[in-house]
*Asks:* 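Have a look at this one.
Below, read A as the first sequence line, B as the second, and so on, with proteins coming before strands; counting in each chain starts at 1.
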Amino acid sequence: MDDAAVRRQLLAALTEDARQEPEDLARQLGIGEDRAAAALSALEEDGVVRGYQAVVDWDETDAPYVTAEVELNVELDRETSYEDVARRVVKFSEVESLRLVSGDFDFAATVSGESMNDISHFIAERIATIPEVTQTVTHFVMETYKDRGVEFEGTDEDDRLSVSP
Amino acid sequence: MSEFEPSERVASVPPSGIRRFFELAEEADDVISLGVGEPDFSAPWAAREAAIDALERGRTSYTANRGLHELREAIADRVEAWGLEYDPDDEIVVTAGASEAVDASMRAFVDPGDPVAVHEPTYISYRPTAMFAGGEPLAVPTSADDEFVLTPEALRDAGADEAAVLVLCYPNNPTGATASRDQLAAIAAFCREEDLLVVSDEIYASLTYEDDHTSIASLPGMRERTVVVNGFSKAYAMTGLRLGYALGPPDAMRALNRVHQYGMLSAPTTAQYAALEALRSCADDLAEMRDAFDRRRRFVVSRFNEIGMDCFEATGAFYAFPEVPDGFDGDDEAFAEELLEAASVALVPGSVFGEGGAGHLRVSYATGMSELKEALARIERFVATAVDDQSSPEPGSSMSRSR
Ligand SMILES: Cc1ncc(COP(=O)(O)O)c(C=O)c1O
């Protein structure tokens, strides 16, 4: 397997389940453990793999947790670029994701907090006040059906016969 | 009370050995099953949606006996990748699963008393369907030494030169073996010399991991004597939709269609629409499933070898076929039963698949990675304890024994 194939297969295995030992990854790729570990470190160092996280359905916990999808419009001038605005916005721990998007608005952000009130205040006081931000539209999340490829509602039940030809 | 007695033909066919293991596994608790002969994925959503759409549009009638013409055209396109060219008009019959295509082939081409050569271990339906057609199965054993690929020598030794039909199954269930072009060429030469017809069940053709699949029908002089059987169950995870097909020269398909026409009328219409969509737009889904199977395959094969259960490099389907570890006298049934009882892992003993399967276990890796890891950990512990219990003078020595 060449290096590109190793990287591709590693990413496929990790996006299926990130919680895997290098030795198991090595077995799946049919390569040595050292090579698997090295390829994995390289993916991390090169900024390809940016992190490993649990996919949590917060509605199943008793933690107060609210998220909102927020549209941001900005007005730029010669001195300020999208990156400049983004660099400020991502610093807030409330901002879970931030993307520059095509279409009717400039940025799409996912913002979380303990309550709708929290989020409203955060947007009003921290985001809307950034000089380049001209408009915000906040959509509170009411129900999550799928997150990062994981279906929340679908039962994963295996209805196959336990032994079949 | 009833007046029914099975016909002699039916009575002569023993019940399936799979059934017994199914019942044992159903009784046990917390079982991880590596005994399942179908994908753990669901059919690609686009294919399912096409089925729903067909229902919504009220497409609930029979189709042409041989299947929707569009579907036959799409099948003809698909099989070109395996070097096969068949005319959608008169060389393709869409069937209710590969199962029906196998059964119809037997009834179309086997006369009472005809020997039907079947390499073993292999899929369990060939022997009974040959017998239902009045044929006499002739087992041709293959072995781990040949990586379970049929050889002309094995055919000759078993007396297969007398057979009317040879049933081939590569990539193979239960071994995961694939046959290379050269290996198939040797088998093909035997069939031409001894004038055998071939029914080639290639249902796992899309699931090969080292080399692309070769169909025996693509070899010189073989198209005219081969019926290729294939289907959607394994490649597109569509087992429950029951859709397969047969390919062959016009005469062969005319005979097969005669059986199909009276025995089935037409394959399930909803499934035909799903299959059409699968062929049109699900190549990426197939590739993704294939890659996932490949990772699991490597994992499973290497774990068995580490555990001391010799496992040859299976290169197709979704099965590995390790040997029973030392200490069980090669008794695959005893091993499988004890493993199920002590470690709650279900496998299928190799002997269920015919003579050559004894001493091996069929392990299906159509199961999620985390379950595979847990199952292998359980098997490792079970084998270690079993070997310790043996009070061998040097524990562990048997673990490293090489064959
Ligand atoms: C080798 C082989 N052929 C045919 C079948 C049955 O296929 P289908 O679902 O298309 O009837 C199976 C299913 O396990 C199989 O393993």
*Asks:* Would you mind checking which part of Tyr319(B) comes under 4.5 Å of any heavy atom in chain A, side chain (CB onward), backbone (N, CA, C, O), both or neither?
*Replies:*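 It is the side chain, since no backbone atom gets that close.
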
*Asks:* To check you understand the geometry: which heavy-atom pair defines the closest contact between Val163(A) and Phe21(B), and what is its length?
*Replies:* CG2-O, 4.0 Å

*Asks:* Side chain, backbone, both or neither: which part of Glu16(A) has an atom under 4.5 Å from a heavy atom of chain B?
*Replies:* side chain

*Asks:* Has Glu341(B) got more than 12 heavy atoms of other residues, nucleotides or ligands less than 6.0 Å from its CD?
*Replies:* no

*Asks:* Output the option from Glu288(B), Arg303(B), Arg297(B) having the highest count of non-hydrogen pairs under 4.5 Å with chain A.
*Replies:* Arg303(B)

*Asks:* Let me confirm one number: the CG-OG distance from Leu24(B) to Ser162(A), rounded to the nearest 0.5 Å.
*Replies:* 10.0 Å

*Asks:* Look at atom CG of Asp62(A) and say whether more than 12 heavy atoms of other residues, nucleotides or ligands are closer to it than 6.0 Å.
*Replies:*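 Not buried by this count: 12 neighbours or fewer within 6.0 Å.
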
*Asks:* Side chain, backbone, both or neither: which part of Arg362(B) has a heavy atom under 4.5 Å from chain A?
*Replies:* side chain

*Asks:* Can you tell me how far OG of Ser33(B) sits from CZ of Arg160(A), rounded to the nearest 0.5 angstrom?
*Replies:* 7.5 Å

*Asks:* Return yes if some donor-acceptor pair links the side-chain N/O of Arg296(B) with the main-chain N/O of Gln28(A) below 3.5 Å, else return no.
*Replies:* no

*Asks:* Taking atom CG as the centre, does Asp77(A) end up with more than 12 heavy-atom neighbours from other residues, nucleotides or ligands that are less than 6.0 angstrom away?
*Replies:*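 Yes, CG of Asp77(A) has more than 12 neighbouring heavy atoms, counting only those of other groups under 6.0 Å.
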
*Asks:* Counting only heavy atoms not in Glu44(A) (residues, nucleotides, ligands), do more than 12 fall under 6.0 Å from its CD?
*Replies:* yes

*Asks:* With a cut-off of 3.5 Å and sequence neighbours excluded, list every side-chain donor-acceptor pair involving residues 137-148 of chain A.
*Replies:*
residue: His139(A); atom: NE2; partner: Glu71(A); partner atom: OE2; Å: 2.8
residue: Arg148(A); atom: NH1; partner: Gln53(A); partner atom: OE1; Å: 3.1

*Asks:* Where on Val36(B) is there a heavy atom nearer than 4.5 Å to chain A: the side chain, the backbone, both, or neither?
*Replies:* both

*Asks:* Between Glu38(B) and Ser164(A), does any side-chain donor sit less than 3.5 Å from a side-chain acceptor?
*Replies:* no

*Asks:* Just checking Asp212(B): does its CG atom have more than 12 heavy atoms from other residues, nucleotides or ligands closer to it than 6.0 angstrom?
*Replies:*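 No - once you tally the heavy atoms of other residues, nucleotides and ligands closer than 6.0 Å, there are 12 at most.
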
*Asks:* Measuring from Asp24(A):CG to Ser370(B):OG, what's the distance to the nearest 0.5 Å?
*Replies:* 11.0 Å

*Asks:* Would you say that Met1(A) contacts Arg298(B) through its side chain, given a criterion of any heavy-atom pair below 4.5 Å between the two side chains?
*Replies:* yes

*Asks:* List the residues meeting ring pair (Phe, Tyr, Trp, His ring centres under 6.0 Å) with Tyr123(B), not counting sequence neighbours, and say none if there are none.
*Replies:* Tyr126(B)

*Asks:* Is the count of non-hydrogen atoms from other residues, nucleotides or ligands lying under 6.0 Å from Arg48(B) atom CZ greater than 12?
*Replies:* yes

*Asks:* Flag the pair Arg27(A) / Arg295(B) as yes when at least one side-chain heavy-atom distance between them is below 4.5 Å, and no otherwise.
*Replies:* no

*Asks:* Let me know if Ala366(B) has heavy atoms under 4.5 Å from chain A in its side chain, its backbone, both or neither.
*Replies:* both

*Asks:* For Pro165(A), is there any backbone N or O sitting under 3.5 Å from a side-chain donor or acceptor partner on Asn173(B)?
*Replies:* yes

*Asks:* Could you tell me which portion of Asp40(B) (side chain, backbone, both or neither) has an atom closer than 4.5 angstrom to a non-hydrogen atom of chain A?
*Replies:*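 Both parts, backbone and side chain.
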
*Asks:* With a cut-off of 6.0 Å (strictly less than), are more than 12 heavy atoms of other residues, nucleotides or ligands near CG of Asp2(A)?
*Replies:* yes

*Asks:* How about CD on Glu21(A), more than 12 heavy atoms from neighbouring residues, nucleotides or ligands closer than 6.0 Å, or not?
*Replies:* no

